[in-house]
Amino acid sequence: MSVIQVPGLLSFTIAILVFFAGANLNRFIPILARWSIPEPVTGGLLAALATLIAYEAFSVEISFTLAARDMLLLYFFTGVGLNARLSDLAAGGKPFLILLGITLVFLVIQNLVAIGASDMLGLPQGMAMLLGSTSLIGGHGTTIAWAPIITNRFGLMNALEVGIASATLGLVIASLVGGPIAQYLIKRHHLSGGADDELIIGVSRAAVRSHHDDVSYISLLRTLLVTNVAILAGYALHELILDAGINLPLFVVCLLVAIVMTNTVPLVVPNLPWPTRSRALSLISDLSLNVFLAMSLMSMQLWGLSGLGFALVIVLAIQTVVAIAYILFVVFPAMGRNYEAAVISAGFCGISLGATPTAIANMTAITKIHGAATVAFIILPLVSAFFIDLANAAVLGFLVR
């Protein structure tokens with residue numbers, strides 16, 4: 001087995017090519033666009049299949065350097081924060097609490113499903129933790145953090161491999177299912193978004209086709225400057241928070257710093273040009289999200305799924321059915337049965353089975369077609385990237401004991 005380590009700049013360049021490959025596939029296969037499968041998901045899965053073929057057929061393991069991906073994540077969430085006005089946060093107060101509540105309930109349900117399915121299939125003790133919120137709601141990061149603890153507690157020597165495989169498969173499912181769920185809800189209930197409202201993330205497909213997305217280098221540089229200042233402030237605050245013994249993801253800190261900046265700096269310096277709801281910020285956020293997701297999916301090592309048995313597929317299939325049912329019969333009605341609720345439903349699929357960027361990508365694919373959903377983009381990242389991690393840690397700690 002030979003290993004090819006693709007360097008950073010080349011990995012970044014390949015991710016851009018992967019995005020365009022996905023965009024072309026979506027154009028040539030209309031059902032992909034009709035069901036709002038994000039372009040980087042289509043291209044990323046195609047690239048992951050190519051690396052799987054190289055591994056299985058030619059004994060070549062291709063590994064990508066992903067430092068740029070981590071930086072893109074900071075740009076994306078900082079952009080979300082820079083778009084968060086106090087009026088939006090106030091409007092999102094009640095929906096935020098509702099979404100937080102139903103997400104916490106689902107976290108418990110997901111672990112109960114994992115426990116029940118594991119018992120039904122006769123899996124070893126402790127395996128349920130790896131097939132529940134550890135890998136699905138928690139994703140790869142939570143899996144990596146908890147796998148050694150689960151190994152020590154239950155003696156599962158392949159805990160990391162199983163958890164990573166579950167998180168990977170969940171990410172793929174979330175990327176493919178979120179868009180169709182929202183499209184179904186929108187069509188069935190005849191919903192539509194604010195066509196004239198500026199999108200939080202990205203530029204609408206209609207604007208791209210009509211070339212109404214032109215921006216100047218001045219606006220781009222001004223927006224990059226503000227974004228970089230927010231990220232640098234996030235780095236500094238993150239160090240202080242770590243020193244205080246509080247472990248928060250860096251991108252969450254950058255998101256919170258950007259929210260504070262965008263609601264204070266324009267008041268203190270009213271004549272200072274600020275990028276909130278600007279086309280330049282939308283484009284930078286869209287670029288960051290698309291390349292981040294392309295890099296995440298193309299770097300999946302799908303061969304890690306082999307050899308883990310039919311049980312993994314069965315449990316993930318059950319988890320997927322439960323998540324879809326919960327979205328249709330709990331999330332959508334609880335969030336108001338309106339267009340915002342349909343967009344949040346697409347995002348909730350990312351929360352429950354994939355990751356926060358997957359959730360945002362699902363929502364972005366919907367809003368580019370049907371219009372803006374401002375509240376959805378404010379409340380969902382706060383729930384999925386901050387509060388749910390704290391709750392998940394508490395639940396996992398209880399299960400380990």
Side-chain angles (χ1 to χ4, degrees), residues 73 99-171 173-174 241-242 244-253 304-305 308 311-312 314-320 322-323 326 330-331 347-359 380-401:
L73 186 67
L99 181 61
L100 177 60
I102 59 180
T103 304
L104 293 176
V105 170
F106 184 78
L107 189 152
V108 175
I109 292 174
Q110 189 170 76
N111 284 304
L112 291 176
V113 170
I115 292 170
S118 297
D119 288 344
M120 178 184 68
L121 296 171
L123 299 180
Q125 187 182 15
M127 189 69 74
M129 287 190 62
L130 299 165
L131 303 176
S133 66
T134 303
S135 60
L136 298 179
I137 285 179
H140 290 82
T142 302
T143 300
I144 293 171
W146 281 86
I149 300 173
I150 295 172
T151 297
N152 292 333
R153 173 64 177 83
F154 299 103
L156 292 174
M157 302 312 296
N158 63 340
L160 180 60
E161 289 77 9
V162 173
I164 291 296
S166 177
T168 300
L169 189 55
L171 185 67
I173 296 170
I241 291 175
L242 289 177
I246 302 173
N247 189 13
L248 283 179
L250 177 58
F251 71 86
V252 173
V253 179
L305 297 176
L308 292 174
L312 175 65
I314 292 295
V315 176
L316 265 293
I318 295 172
Q319 291 284 24
T320 301
V322 171
Y326 193 80
V330 177
V331 176
F348 194 89
C349 190
I351 294 178
S352 58
L353 297 171
T356 302
T358 309
L380 188 135
L382 290 176
V383 170
S384 63
F386 179 54
F387 291 97
I388 199 63
D389 280 345
L390 299 178
N392 199 16
V395 170
L396 295 178
F398 173 78
L399 291 176
V400 167
R401 288 193 298 269

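These numbers come from a predicted model, not from an experiment.
Annotation: side chain to side chain contact (heavy atoms under 4.5 Å, CB included) contacts of Leu112 (sequence neighbours excluded): Val108. Considering only residues two or more places apart in sequence or on other chains, Leu160 meets the side chain to side chain contact (heavy atoms under 4.5 Å, CB included) condition with Ile144, Ala147, Ile164. Applying the side chain to side chain contact (heavy atoms under 4.5 Å, CB included) rule to Pro124 yields the partners Met127, Leu156; only residues at least two apart in sequence or on another chain are considered. Judged as a side chain to side chain contact (heavy atoms under 4.5 Å, CB included), and not counting sequence neighbours, the contacts of Leu121 are Leu123, Ala311, Ile314, Val315. Residues satisfying the side chain to side chain donor-acceptor pair (under 3.5 Å) criterion with Thr358, sequence neighbours excluded, are absent altogether.
From Leu399, atom CG reaches atom CE of Met129 across 5.0 Å, with rounding to the nearest 0.5 Å. Here the CG atom belonging to Leu107 is positioned 13.0 Å from the CD1 atom belonging to Ile102, to the nearest 0.5 angstrom. Ile173 CD1 to Thr320 OG1: the interatomic distance, rounded to the nearest 0.5 Å, is 3.5 Å. One distance of note links CD1 of Ile351 with CZ of Phe348; it measures 6.0 Å at 0.5 Å rounding.
The two atoms that bring Ala114 and Ala128 nearest to each other are CB-O, 3.3 Å, heavy atoms only. Thr143 approaches Thr134 most closely through the heavy-atom pair OG1-O, 3.4 Å. Between Val113 and Gln319, the closest heavy-atom pair is CG1-OE1, 3.5 Å. Across all their heavy atoms, Ser166 and Leu316 have their closest contact at OG-CD2, 3.6 Å. A pairwise comparison of heavy atoms in Cys349 and Ala174 identifies O-CB, 3.6 Å as the closest pair.
Within the structure, every pair that satisfies the side-chain hydrogen bond (donor to acceptor under 3.5 Å, both in side chains) test and touches residues 103-124, not counting sequence neighbours, is listed here: Asn111-Ser133.
Ring geometry for Tyr326 versus Phe106: interplanar angle of 30 to 60°, hence tilted.
The only member of Ile318, Leu136, Val162 that meets side-chain contact (heavy atoms from CB on, under 4.5 Å) when paired with Leu131 is Val162.
The side-chain heavy atoms of Leu396 and Thr142, taken from C-beta on, include a pair separated by under 4.5 Å. Ser135 has its side chain out of reach of Leu130: every pair of non-hydrogen atoms, C-beta onward, lies at least 4.5 Å apart. Side-chain atoms of Leu104 and Ile388, non-hydrogen and from C-beta on, do get closer than 4.5 Å to each other.
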